[in-house]
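In the text below, chain A, chain B and the rest are named by the order of the sequence lines, each starting its count at 1.
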Amino acid sequence: MSLATKYTPEAVEAKWYQYWMEHKFFSSQVDHSKEAYTIVIPPPNVTGVLHMGHMLNNTIQDVLVRKARMQGKNACWVPGTDHASIATEAKVVAMLKDMGIDKKSLSREEFLTYAWEWKEKYGGIILEQLKKLGASCDWDRTKFTMDADLSDAVISVFVDLHKKGKIYRGIRMVNWDPQGKTALSDDEVIMKEIQSKLYYIRYQIEGSEDFLTIATTRPETIMADVAICINPNDPRFTHLKGKKAIIPLINRAIPIIEDEYVDMEFGTGCLKVTPAHDVNDYELGIKHKLEVIDILNDDGTLNAKAQILVGEDRFVARKKIGKLLDEAGQLDKIEDYKSNVGHSERTNAVVEPKLSLQWFLKMEDITKPALSSVMEDIIQLHPPKFKNMYRSWMENVRDWCISRQLWWGHQIPAYYLPNGEYVVAKTKEEALAQANATYGTDYSISDLIQDEDVLDTWFSSWLWPISVFDSEVFSTGKPNEDLKYYYPTNDLVTAPEILFFWVARMIIAGYEYLGEKPFKNVYLTGIVRDKLGRKMSKSLGNSPDPLELIQNYGADGVRVGMLFSSPAGNDLPFDEKLVEQGRNFANKIWNAYRLVQGWEIDSNLSGDANAASIAWFENRFNQALTEIEDHFEKFRISDALMATYKLIWDDFCSWYLEMIKPAYQAPIDPATHAKTIEFFENILKVLHPFMPFLTEELWHQINERSAENALIVTSWPSAGSFDVNNIAEAAQIFEVVSQIRNIRASKGISPKETFSLTIKTVNAGLYERFEAVLKKLANLDSVSFGDSLDNAISFVVKADECFIPMAGQVNVEEERENITKELEYTKGFLQSVMKKLSNERFVAGAPEAVVANEKKKQADAEAKIKALEEALRKLS
RNA sequence: GGAAGUUUAGCUCAGCUGGUUCAGAGCAUCUGCCUUACAAGCAGAGGGUCGGGGGUUCGAAUCCCUCAACUUCCA
């Protein structure tokens, strides 16, 4: 019957997770008699291993799901993984390289075979790790973004949007890695500050002997210039308006255009416009309808359009052209200059802005309902400060480039025809039929060539809240039973970093395909950082191994540690101390149970002495639960946890259990015992979402229970009403206890030495009700009422004077000093109150309740002053 | 360069529309305790001019202006 003095999580956690799985507590089926509560997991990358960010994110989801389940809702948490085109392809390429295989030597099919093998082997690791955390996902519903049905959904959506005219092919500037010969996403580009040079080049004005000078870091691109741009407000250049300039060395005339975009302060105030090789210039080119001259090959060498230096590498060309310009007398000077230059994360090559043909989704119309639903709080962001960011992005949204030059992913269902046209269809067969019908041709399957590229990974994950339930609705338009029941989902928990990439796009897809929001609440977590404030990352090696943490502190401890200091949207500065605190908390509860389970019950005993304590805790529990519910309501999860923590540690353990605890080896009365077990059970219920393993273990220790009575499916307690007055009275008693303990501590008197307490009060009834508690907690042999005592240490609580006789031990000077100090403070306080009350404008202007309050403060302070003054008189 | 946010105890943060216990919590620190549930613990204590300055108000951590520092997003 004796339990270990320390809680050991390992065995307990494995046991209960298996138990929950066996009894299918995580699984959810459509059940119209119950309200659905749905969360879809932000699918982690298949390349991923569990990191601290996942821990935080999934702990929050599990807390929400477990609470909803206990509240009788049909809780469904759908897990899954994301195929992560770029990251996975990079992993597979690296793996092949280790095996001595070059990706270029493989066909697409061969490569994909390796990729799938890799996915089967490593893709599920992260989900297994989530189980260790206690995640109560419905594992039977596990999905992968490249599952056949989900892929089908992605292709249907592409075809559909293309048919609606929302998807088009267009030119776009991408980050090109000339070494890897591939486009990079912005995330794969690392900006580095580079010491470079600013070349000042002289361009002759057509039909005159004048020159204008332009500063550029990229002189090798002058052959691609199509205009010179000046700021129309710049008085230095008014004479150039409408003229033309001549590109040095190749002597091509280009127009001088005007745009306020030009920074008059930078360089010479003149800008050369090279649309093919600079993003900003490209925009400028579109605005002014300029042609585009691309002088670079894919490998970064100059092509024939450059006319000179053809075949030279861009950096070699830069040096050479500097020399040529100098020789031609058209190089004014060269200055040192620091600039930020993008480098390829993988090859470290300097990234070249390059125009290429890509697929786009028109965003202008499709985003409208997604913007308004968030602005009108139909979908609520927590914390709401992210609404601003969301709006600015949605209002300035650019068309979404959805193609990627990769193989791992959903291949774009566009088929090119020998006649130079293309068709978009779900299958090659359909494409063929469509092609022949449209163009009156007689092509065969082998004439069709499918687009090489795959779709952006977000183009599949934006369908996630829909496609995990119903992958066919995109083509049929008819939602299945699952979708009708579970959609819209309730809460989405994710990181603010992907608010635009993912969250916004899910909202867009939700309205586009179902005319309904995908979720009601978006809880945005912070970033987990190390003590130095750095983001935790594998490359820095500053992230603890989550599984090791679970091993060392228990899953419950880790969950609590993660949540302790993570208000929504705020970064979490992680410190192992937090997890230790979580572990200690688990141990505290474990020991509280050890105490309670060790009691013997004597049915002859009366529980009268404990009635006041029981009544107080009942009130306090209901008060705390009300607060906790309020925190949950507002998605203040860490506050909800802290309130629970304090309820258990401070109120239940430190006060309540001490109040009712029988003397050593003495039995307890049945009424108190029963009540205490009831309180304990309620506490376990409230704590379960945060610490599922420990609570389920103790739940079954308290009583043998059948599966349907397991804690995970027990109903959540509802907060009853509570008597604030009773709680305040108890607080007054606690204050007296603390004061007496303080006297012992400051005078070095052993807690074993008993005191007798005399109280001067008009409210003796209160102290009588709590007499047993006072005696036990302050170690008193008697509590009596009466007038002031001599030779006693005194203190004042509210307006009541308390005396502890202490012949010979009273240091009169010290006592006087203490009381005087408090008296001074109280007088000062009273003065400030009186100042307000004597101010007519305050009395007239402030609300009635505020004035009444000040009057009450006045009365309390006056009573206290009276008591203190009397105590002081007694001393002399 | 454009926009937003943050600044309260040693650390991490609460403090809603100005007015109870308005200066709080947890951790950390200090002191005393191996008191038979728990030293992963118990009891007690100290600690802040609410970033600086100005203003509005009877009254400002809270509203306004300004300066400074940090962070993030966009370019």
**OP:** With side-chain hydrogen bond (donor to acceptor under 3.5 Å, both in side chains) as the test, would you mind laying out the steps for A:T672 and A:D669 before giving the verdict?
**Re:** CA-CA 6 Å; A:T672 304; A:D669 68 89; 2.7 Å; yes

Less than 4.0 angstrom between a side-chain N/O of [X] and OP1 or OP2 of [N], yes or no?
{"X": "A:N587", "N": "B:G41", "value": "no"}
{"X": "A:K752", "N": "B:C33", "value": "no"}
{"X": "A:N396", "N": "B:C74", "value": "no"}
{"X": "A:K661", "N": "B:A37", "value": "yes"}
{"X": "A:S738", "N": "B:G44", "value": "yes"}
{"X": "A:W649", "N": "B:C42", "value": "yes"}
{"X": "A:R398", "N": "B:A75", "value": "yes"}

Can you tell me, in whole Å, how much space there is between the [atom1] of [N] and that of [M]?
{"N": "B:U72", "M": "B:G32", "atom1": "C1'", "value": "47 Å"}
{"N": "B:U57", "M": "B:G19", "atom1": "C1'", "value": "12 Å"}
{"N": "B:A61", "M": "B:U8", "atom1": "P", "value": "15 Å"}
{"N": "B:C63", "M": "B:G5", "atom1": "P", "value": "12 Å"}
{"N": "B:G51", "M": "B:A9", "atom1": "C1'", "value": "15 Å"}
{"N": "B:G44", "M": "B:A60", "atom1": "P", "value": "35 Å"}
{"N": "B:G15", "M": "B:U21", "atom1": "C1'", "value": "14 Å"}
{"N": "B:G47", "M": "B:A23", "atom1": "C1'", "value": "13 Å"}

Pair partner, [N] [Watson-Crick or wobble, under 3.5 Å]:
{"N": "B:G26", "answer": "B:C11"}
{"N": "B:G1", "answer": "B:C74"}
{"N": "B:U62", "answer": "none"}
{"N": "B:U6", "answer": "B:A69"}
{"N": "B:U31", "answer": "B:A43"}

Original post:
Relative to A:F755, does A:R744 satisfy both conditions: NZ or CZ under 6.0 angstrom from the six-membered ring centre, and within 45 degrees of the ring's axis?
Top reply: yes

When you measure only distances, ignoring hydrogens and angles, does the side chain of [X] come within 3.5 Å of the base of [N] through a donor and an acceptor?
{"X": "A:R583", "N": "B:A40", "result": "yes"}
{"X": "A:E658", "N": "B:A37", "result": "yes"}
{"X": "A:K577", "N": "B:C27", "result": "no"}

Looking only at the side chain of [X] (C-beta and beyond, no hydrogens), which of the listed nucleotides [options] gets closest?
{"X": "A:Y645", "options": "B:A37, B:G44, B:C27", "result": "B:C27"}
{"X": "A:K385", "options": "B:G5, B:A37, B:A40", "result": "B:G5"}
{"X": "A:K588", "options": "B:A37, B:G26, B:A45", "result": "B:A37"}
{"X": "A:N584", "options": "B:A37, B:G41, B:G26", "result": "B:G41"}
{"X": "A:S654", "options": "B:A37, B:G41, B:A43", "result": "B:A43"}

Length of the line joining [X]:[atom1] and [N]:[atom2], which is rounded to integer Å:
{"X": "A:H631", "N": "B:C16", "atom1": "NE2", "atom2": "C1'", "value": "12 Å"}
{"X": "A:F734", "N": "B:A43", "atom1": "CZ", "atom2": "P", "value": "12 Å"}
{"X": "A:K6", "N": "B:A40", "atom1": "NZ", "atom2": "P", "value": "6 Å"}
{"X": "A:Q597", "N": "B:C38", "atom1": "CD", "atom2": "P", "value": "12 Å"}
{"X": "A:E283", "N": "B:G1", "atom1": "CD", "atom2": "P", "value": "21 Å"}
{"X": "A:N591", "N": "B:A39", "atom1": "CG", "atom2": "P", "value": "7 Å"}

Using a cut-off of 6.0 Å, state whether more than 12 heavy atoms not belonging to [X] lie near its atom [atom1].
{"X": "A:Q551", "atom1": "CD", "answer": "no"}
{"X": "A:E395", "atom1": "CD", "answer": "yes"}
{"X": "A:K855", "atom1": "NZ", "answer": "no"}
{"X": "A:K775", "atom1": "NZ", "answer": "yes"}

Original post:
Taking the nucleotide of RNA chain B with the closest heavy atom to each, which residue, A:W655 or A:N388, is nearer the 5' end?
Top reply: A:N388

Original post:
Closer to the 5' end of RNA chain B via nearest nucleotide, is it A:V596 or A:F585?
Top reply: A:V596

**OP:** Determine, for A:K577 against A:E580, whether the closest basic-nitrogen to carboxylate-oxygen distance falls under 4.0 angstrom.
**Re:** no

Subject >> Option among A:F680, A:W616, A:F679, A:W649 that satisfies the ring pair (Phe, Tyr, Trp, His ring centres under 6.0 Å) test with A:Y656 >> reply: A:F679

